[in-house]
> 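Below you will find the structure I want to go over with you.
Sequence lines set the chain letters: A, B, ... in the order given, protein chains first and strands last, and positions in each chain run from 1.
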Protein chains: 2
Amino acid sequence: MSTSTKEYCYKYPRSALAVDCLVFGLDEDNSLKLLLIQRSQKTFKGKWALPGGFVQLDKDASLEAAARRVLRKETGIDSKGVFLEQLYTFGSEKRDPREWTTSVIYYALINLNEYKLKASTDASDVQWFVIDNLPSLAFDHTEIVEMGINRIRGKVRYQPIGFELLPKKFTLGQLQTLYETILNEKLDRRNFFRKLRKMDIFIELEEFQEGVSHRPAKLYQFDEQKYKQLKKKGFNFEI
Amino acid sequence: MSTSTKEYCYKYPRSALAVDCLVFGLDEDNSLKLLLIQRSQKTFKGKWALPGGFVQLDKDASLEAAARRVLRKETGIDSKGVFLEQLYTFGSEKRDPREWTTSVIYYALINLNEYKLKASTDASDVQWFVIDNLPSLAFDHTEIVEMGINRIRGKVRYQPIGFELLPKKFTLGQLQTLYETILNEKLDRRNFFRKLRKMDIFIELEEFQEGVSHRPAKLYQFDEQKYKQLKKKGFNFEI
DNA sequence: GCAAAAGTGTTCACCGTACACCCATGC
DNA sequence: GCATGGGTGTACGGTGAACACTTTTGC
């Protein structure tokens with residue numbers, strides 16, 4: 001290994017450029033969770049932090065591509081088809097004790113159960129945490145998480161992103177509980193259901209829940225095609 | 001001058017890091033305008049582009065500080081007290097023909113008349129353009145402008161940012177015209193006024209418009225204190 | 001048969017919308 | 001006095017909010 005040969009030189013100093021990911025998932029107990037990794041590098045060693053890494057100019061064609069690569073490498077999540085959006089960019093001389101660092105933050109919404117195995121088998125250093133009981137985090141990651149949660153809370157009301165957290169086929173009860181969890185408020189089931197039905201962006205399946213000790217609920221799917229059509233015509237999703 | 005001595009070396013290649021600013025202003029004729037500069041550097045020389053520049057690690061403590069410095073240097077605008085928010089970060093290997101470049105974009109809303117002089121006296125290479133008649137722009141700046149306009153259109157409805165574009169004291173008519181311009185739709189004056197009055201976030205002054213050839217309108221001020229209070233109590237601004 | 005969640009309809013209050021007439025000023 | 005935008009109230013319809021009882025299943 002050529003250890004510390006520094007081959008890439010510039011006329012002016014350059015900020016380090018990283019991407020970090022907020023990975024949110026909804027657990028079976030309806031708690032919203034965040035995926036964290038435990039740091040093994042010496043800076044903040046042992047502390048929990050967001051999965052992230054430096055942008056690699058030779059591998060990454062874009063910031064988003066870097067985020068997807070990092071996500072896969074650090075958590076085992078293949079982000080193909082996963083909802084991933086840019087949140088914000090943090091950059092200052094002090095947020096990383098080593099040097100001036102810029103981090104572009106992305107957030108992902110995934111169906112936690114699909115990815116549960118990979119994350120937990122990977123190592124003890126990747127773990128899901130309930131969002132209102134997070135450990136102390138490295139760098140300014142606590143602030144970043146807070147911003148991410150606020151973004152989701154705001155966005156979920158007027159864009160149909162909640163489905164990303166659920167399995168493809170879900171019950172309206174699950175959807176309601178999801179909204180109640182994220183928004184942290186109770187919703188009236190009858191009004192909620194009526195509102196959703198009126199939107200006409202769900203496919204009502206002829207399948208039902210199984211193995212529940214109560215009346216099984218009908219399963220639904222989000223109809224992305226229809227939503228896109230309606231949006232073009234001026235329809236606005238809103239809960 | 002030490003021309004091209006390249007003193008700053010790193011183990012891995014680093015992206016160039018720039019900040020660019022979308023500066024929006026409302027002109028007296030109620031058109032929404034954007035401030036552009038004409039490039040003098042050889043890349044895209046002569047083309048119009050967003051004011052921007054590279055982050056200077058020795059001068060800039062943060063990305064936002066960099067944006068404010070650049071704004072002042074390129075357009076003469078002292079951004080103290082100016083509304084400035086991060087829009088998005090663009091980064092890829094291809095958006096700048098020279099090299100892998102990351103640009104953190106900020107957008108500012110200013111009262112155009114206050115800054116008109118500086119921008120126009122500065123040089124022929126800084127100019128206001130009506131947003132729906134922009135010249136062809138350098139780099140991916142057209143895409144960036146589009147995103148910025150969309151952001152404003154969305155944000156203006158549910159956050160009181162419109163006032164940033166008006167003088168401190170304004171008439172409700174000016175405010176209405178502003179909204180009509182940004183949202184590109186007609187609003188009913190009576191309903192609009194009633195809605196605003198009900199919000200109770202305006203100070204009704206005992207001053208009036210002067211020099212108009214019709215009944216002079218009352219002047220108002222946005223009451224930021226009151227807005228903050230109300231927001232804490234769960235009030236949501238909405239037009 | 002009991003617990004637990006699913007499913008469904010009606011009433012009421014409030015808010016957004018549509019709409020028309022008089023007022024103060026400059027020229 | 002006329003043109004121009006400023007200022008105000010009312011009636012209607014639609015939408016969100018509140019609310020209770022019956023249904024299906026597992027145990």
> What do you reckon, are the aromatic ring centroids of A:Phe237 and A:Phe235 less than 6.0 Å apart?
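Ring-ring flag for A:Phe237/A:Phe235: false, centres at least 6.0 Å apart.
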> Tell me the interatomic distance from A:Phe193, atom CZ, to C:dG9, atom P, rounded to whole angstroms.
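Distance check: A:Phe193 CZ to C:dG9 P gives 13 Å.
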> When you check the phosphate oxygens OP1 and OP2 of C:dC19, does a side-chain N or O of B:Arg189 lie under 4.0 Å from one of them?
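False: B:Arg189 side-chain N/O out of range (4.0 Å or more) of C:dC19 OP1/OP2.
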> Is a donor-acceptor pair below 3.5 Å formed from side chain B:Arg190 to base C:dA20, judging by atom type as modelled?
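Present.
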> I'd like to know if A:Arg215 reaches the base of D:dT22 with its side chain such that a donor and an acceptor end up less than 3.5 angstrom apart.
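Side chain to base: no pair below 3.5 Å.
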> Tell me whether the OP1 or OP2 atom of C:dG16 has a side-chain N or O from B:Lys198 closer than 4.0 Å.
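For C:dG16, OP1/OP2 do have a side-chain N/O of B:Lys198 under 4.0 Å.
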> On DNA chain C, does the nearest nucleotide to A:Ala217 precede the nearest nucleotide to A:Asn191 from the 5' side, or the other way round? Give the residue.
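Result: A:Ala217.
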> Any chance the rings of A:Phe163 and A:Phe202 have centres within less than 6.0 Å?
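Close enough - the centres of the two rings lie under 6.0 Å apart.
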> So which one's nearest nucleotide on DNA chain D is more toward 5', A:Pro216 or A:Asp188?
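Final value for this comparison: A:Asp188.
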> Between P on D:dG14 and NZ on A:Lys195, what's the gap in Å once rounded to a whole number?
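Whole-Å distance recorded here is 18 Å.
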> Between D:dG16 atom C1' and B:Asn236 atom CG, what is the distance in whole Å?
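So the two atoms are 16 Å apart, to the nearest Å.
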> Does a side-chain heavy-atom distance below 4.5 Å link B:Glu164 with B:Ile110?
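No, side chains not in contact.
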> Does the side chain of B:Thr171 pick up a donor-acceptor pair with the side chain of B:Lys218 at under 3.5 Å?
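Looking only at side-chain atoms, B:Lys218 and B:Thr171 do not form any donor-acceptor pair under 3.5 Å.
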